[in-house]
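Read through the structure below, which is laid out as structure tokens, and then see the notes.
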Amino acid sequence: MKPSIPQGTRDFSPEVVRRRQYILNTIRAIFELYGYQPLETPSMENLTTLMGKYGEEGDRLIFKIINNGLNDPKNQEKAKIGFEKVLEGKNSPDLTERALRYDLTIPFARYVVMHQNDLAFPFRRYQMQPVWRADRPQKGRYREFWQCDADVVGSDSLINESELLCIYQGAFHKMSVPGIEVKINSRKVLAGLAECCGASGLLTDITVAIDKLDKIGMDGVQKELLQRGITEDKLNFINNYLNITGDAESQLIQMSQLLASSEIAQTGIQELRTTLAYHNQLADKNWNSNVVIDFTLARGLNYYTGIIAEVTTNAVKMGSIGGGGRYDDLTGLFGLKGLSGVGISFGVDRIYDVMEELNLFPEQLSSSTKIIFVNIEPAAETAILGYVNELRKSGIAAEYYPDKAKFDKQMKYADKRNVPFVGIVGESEMKDNVIKLKNMISGEQETVNLMQLANVLADSI
RNA sequence: GAGGAUAUAGCUCAGUUGGUUAGAGCGUCGGUUUGUGGUUCCGAAGGUCGUGGGUUCGAGACCCAUUAUCCUCCCCA
């Protein structure tokens, strides 16, 4: 049998895991810095928790888990009826009661509702776990991938929005990802545009179309708008909308004039202005990225209601590497009304791909072991195990090659593992209670005692 | 859900208009008189050419089907 793994999934080899952990640790540290608390939820949720939350397309992409025990005689009849429903494209709890987590936001909302009496609001949590989507895999798209979410519920303040923007900037600055652009917009401005076009019902169609501006150009957007049912006389208005440029304040002023007749748009514009003002106070001027207003930004998920954000890098051809926004009534879906939330998500797998392509990972991630002692003299074993033990006690990762093997084989092994030092204790070293220490990077060798050895290794960290 | 491409050694790929025992590089293993890797030199192992049919005297190559992978669109992180 040929070994294989399911489509769109991946094995992560040791070096890859180290690099992924570097990303996760960086993001985690920032989340903690801003007061977010860790949360984990199950890999699977009840199907009913997930269905209908991500739009029609989303429902299709949910990985469903077939129920166990369908062969039990008392379940067989139900299973057959359930299967008929599934063949019609419907879901049936008789066949699938559970599904794999599709994102981290809905499980979070469920958690908040279930634990509402125990939580101190505003509640800030971060969550870093894999999610699954039955999407067609391609470049930068996987069926199993990780998200890192930070959300706060129970606060309407736009301070939250601006802090989350800071988290994006701080994290990507820390990871030295170049070309980062944090784009923001407001669903309320988009709603205002639809309203001014007299096409509030076509909000989604308008946003989906204009979101593609940088991809298909103005002509393409117009074509798409017409296809989606926008009448020709509205195109000019949308054109004006898309042509607004300048610095943030100038953009806001122009938009305010263009959408003067829409109350909701004015609210959205004011929210953008306030968010940027807070952000201005909180942001570190040294960060390597900027927050910019992009009125074409749409974001697919249909539960966003206020400020929305998306992160891209122009250094690599890649979709967005992060996104988020405000959702006024997320927990309402589960019966808890009046609780507003706002959150962001990091796309770890895409960030990894970007960093890998640009060679941004620090060198020293490759190995934790500082020294390997070669195994060439059985009589030295006791001494070496003693050395290894002492080094480990002082927090230095050390190994003893467990089998007696050819010298050059052991050297090759250390080299391949990227271990920076090799310790050699043969007959003569053993006699003098010393270690011959070889620096694998410079190739130099010196003879040291245990205390000197510990010092050299400690210094090399 | 729609469209396109690819499938040959562990990996990356050659293989001419169909013609004998299917090749290379890297990697692996062994040797280079055995206590020195990342840079020698020599050698070896490793493939029923994704799978199943068909055309042909003859198929890795051509045709059909099937499966898998990759890519684009849709949508998304």
Side-chain angles (χ1 to χ4, degrees), chain A residues 1-10 13 23 27 54-62 89 101-105 128-149 168 204 207-209 211-212 215-216 220 224 227-228 298-302 309-313 317-325 343-354 372-377 380 401 404-430 436-445 447:
Chain A
M1 178 198 145
K2 238 189 203 162
S4 65
I5 54 175
Q7 188 183 38
T9 65
R10 294 149 300 157
S13 297
I23 297 173
I27 295 172
Y54 309 106
E56 204 176 312
E57 180 79 4
D59 282 357
R60 230 188 53 201
L61 299 179
I62 294 171
R101 180 169 60 215
Y102 178 90
D103 72 352
L104 301 178
T105 308
M128 308 198 290
Q129 289 187 280
V131 302
W132 293 267
R133 295 184 189 178
D135 211 347
R136 205 53 158 269
Q138 50 184 280
K139 187 177 168 69
R141 175 172 307 186
Y142 307 97
R143 287 185 150 178
E144 179 185 62
F145 61 98
W146 279 58
Q147 287 187 334
C148 298
D149 278 26
Y168 268 144
T204 307
T207 54
V208 167
D211 189 41
K212 295 179 189 167
K215 219 169 183 176
I216 60 178
E224 175 127 4
Q227 276 172 9
R228 288 176 176 269
R299 308 263 335 136
L301 295 175
N302 44 13
E310 189 166 289
V311 184
T312 55
T313 169
K317 194 173 180 299
M318 176 73 70
S320 65
I321 52 181
I344 57 169
S345 178
F346 285 83
V348 179
D349 301 78
R350 284 187 179 176
I351 295 170
Y352 179 94
D353 289 348
V354 168
I372 288 184
F373 287 89
V374 291
N375 185 333
I376 48 170
E377 175 52 63
Y401 194 91
K404 186 167 188 302
K406 287 205 158 175
F407 203 111
D408 80 315
K409 183 178 176 174
Q410 299 188 49
M411 293 297 289
K412 277 182 184 164
Y413 178 77
D415 183 50
K416 197 167 182 179
R417 289 270 313 273
N418 270 318
V419 175
F421 291 95
V422 167
I424 302 159
V425 182
E427 206 178 340
S428 58
E429 290 86 359
M430 189 177 56
K436 191 166 277 177
L437 180 65
K438 171 149 185 165
N439 181 322
M440 293 296 278
I441 297 156
S442 67
E444 287 165 9
Q445 282 186 190
T447 303

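Because the structure is a prediction, the values reported are computed rather than measured. Order of the sequence lines fixes the chain letters, A, B, ..., with proteins taken first and strands second; residue numbering starts at 1 for each chain.
- The side chain of A/Q147 lies closest to B/rA77 when the candidates are B/rG27, B/rA77, B/rU36.
- Considering only the side chain of A/I376, B/rG35 comes nearest among B/rG35, B/rG37, B/rC71.
- For A/K416, counting side-chain heavy atoms from C-beta on, the closest listed nucleotide (B/rG27, B/rU36, B/rA2) is B/rG27.
- With RNA chain B read from its 5' end, the first of the two nearest nucleotides for A/I321 and A/F407 is the one closest to A/F407.
- No side-chain heavy atom of A/V425 sits less than 4.5 Å from a side-chain heavy atom of A/E377.
- Looking at heavy-atom distances under 4.0 Å, A/I424 makes contact with a base.
- The shortest distance between side-chain heavy atoms of A/M411 and A/M440 falls below 4.5 Å.
- Taking CD of A/E310 as the reference point, atom CG of A/D211 lies at 6.5 Å (rounded to 0.5 Å).
- In this structure, the side chains of A/M128 and A/V348 stay at 4.5 Å or more apart for every pair of heavy atoms.
- Judged by distance alone, the side chain of A/Y142 and the main-chain N or O of A/D135 form no donor-acceptor pair under 3.5 Å.
- Nucleotides B/rU56 and B/rA44 place their P atoms 41 Å apart, quoted to the nearest Å.
- Heavy atoms of A/S345 sit nowhere under 4.0 angstrom from any nucleic acid atom.
- The CZ atom of A/R228 sits 9 Å away from the C1' atom of B/rC74 (whole-angstrom rounding).
- Straight-line distance from the CD atom of A/E377 to the C1' atom of B/rG35: 11 Å, rounded to whole Å.
- Here B/rU36 presents its C1' atom at 4 Å from CE of A/M411, a figure rounded to the nearest Å.
- The nucleotide whose nearest atom lies closest to any side-chain atom of A/R350 is, among B/rC76, B/rU36, B/rC70, B/rC76.
- A/G140 comes within 4.0 angstrom of a nucleotide base, judged by non-hydrogen atoms across all strands.
- Comparing A/G8 and A/V311 along RNA chain B, the residue whose closest nucleotide (by nearest heavy atom) sits nearer the 5' end is A/G8.
- Taking a pair to require two hydrogen-bonding distances under 3.5 Å in either a Watson-Crick or a G-U wobble arrangement, B/rG35 remains unpaired.
- Rounded to a whole Å, the CD atom of A/E310 is 13 Å from the P atom of B/rC75.
- Rounded to an integer number of Å, the gap from A/Y54 OH to B/rC76 P is 13 Å.
- Taking atom CD of A/E444 as the reference point, atom P of B/rG37 lies 17 Å away to the nearest angstrom.
- For A/K406 and B/rG30, the shortest distance from a side-chain N or O to OP1 or OP2 is not below 4.0 Å.
- Checking the phosphate oxygens (OP1, OP2) of B/rU69, a side-chain nitrogen or oxygen of A/Q7 falls inside 4.0 Å.
- Across the C1' atoms, B/rG30 and B/rC70 are found 38 Å apart, a figure rounded to whole Å.
- A distance-only check finds no donor-acceptor pair linking the side chain of A/Q410 to the backbone of A/F407 [under 3.5 Å].
- Among the protein residues, A/D349 comes within range of no part of the nucleic acid, since none of its heavy atoms lies under 4.0 Å from any strand.
- Nucleotides B/rG54 and B/rG58 place their P atoms 12 Å apart, quoted to the nearest Å.
- If you measure from atom NZ of A/K139 to atom P of B/rA77, you get 18 Å, rounded to the nearest angstrom.
- Distances shorter than 4.0 Å separate some side-chain N or O of A/K212 from OP1 or OP2 on B/rC75.
- Atoms CZ (A/R60) and P (B/rA2) sit 9 Å apart, rounded to a whole Å.
- In this structure B/rU20 sits in no base pair that meets the Watson-Crick or G-U test at under 3.5 Å.
- Between B/rG25 and B/rG43, the distance separating the two P atoms is 11 Å to the nearest Å.
- Put simply, A/F346 does not rest on the base of B/rA77: the two rings are not both less than 5.5 Å apart at their centres and under 30° in tilt.
- Taking atom C1' in both B/rG37 and B/rU69, the straight-line distance is 37 Å, to the nearest Å.
- Checked by distance alone, A/Q445 brings no side-chain donor or acceptor within 3.5 Å of a matching partner on the base of B/rG35.
- An OP1 or OP2 oxygen of B/rC71 is reached within less than 4.0 angstrom by no side-chain nitrogen or oxygen of A/Q138.
- When the P atom is used for both B/rA7 and B/rC13, the distance is 10 Å, rounded to whole Å.
- In a base pair of the Watson-Crick type (N1 to N3 plus N6-O4 or O6-N4) or a G-U wobble (N1-O2 and O6-N3), with each distance short of 3.5 Å, B/rG3 is matched with B/rC71.
- Within the 4.0 angstrom heavy-atom criterion, no nucleotide atom of any strand lies near A/T312.
- At a threshold of 4.0 angstrom between heavy atoms, the contacts of A/E144 with the nucleic acid are absent.
- Nucleotide B/rG52 forms a Watson-Crick or G-U wobble pair with B/rC64, both donor-acceptor distances falling under 3.5 Å.
- In this pair, A/Y54 and A/Y102 present their aromatic rings tilted. The plane angle is within the 30 to 60° band.
- Counting only heavy atoms from C-beta outward, the side chains of A/R228 and A/T204 never approach each other to under 4.5 Å.
- Looking at heavy atoms from C-beta onward, A/Y168 lies in side-chain contact with A/F346 at the 4.5 angstrom threshold.
- At a threshold of 4.0 angstrom between heavy atoms, the contacts of A/V208 are confined to the sugar-phosphate backbone, with no base atom among them.
- In this entry B/rA9 has no Watson-Crick or G-U wobble partner, no candidate having both defining distances under 3.5 Å.
- Among the heavy atoms of the strands lying under 4.0 Å from A/Y142 is at least one base atom, whether or not backbone atoms are also near.
- Residue A/R133 has its side chain nearest to B/rC76 when only B/rG27, B/rC76, B/rG35 are considered.
- Here, B/rU67 and B/rG31 have their C1' atoms 44 Å apart, quoted to the whole Å.
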Could you write out each protein N or O paired with an N or O of nucleotides 38-45 of chain B at a distance under 3.5 Å?
{"from": "B/rG38", "atom 1": "O4'", "to": "A/D415", "atom 2": "OD2", "distance (Å)": "3.0"}
{"from": "B/rG38", "atom 1": "N2", "to": "A/I441", "atom 2": "O", "distance (Å)": "3.2"}

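- Remark: side-chain polar atoms of A/R350 are paired, donor with acceptor, to backbone N or O of A/G140 under 3.5 angstrom.
- Put simply, the side chain of A/F145 reaches to within 4.5 Å of the side chain of A/V131, judged on heavy atoms.
- Atom P of B/rG46 sits at a distance of 32 Å from the matching atom of B/rG18, rounded to the whole Å.
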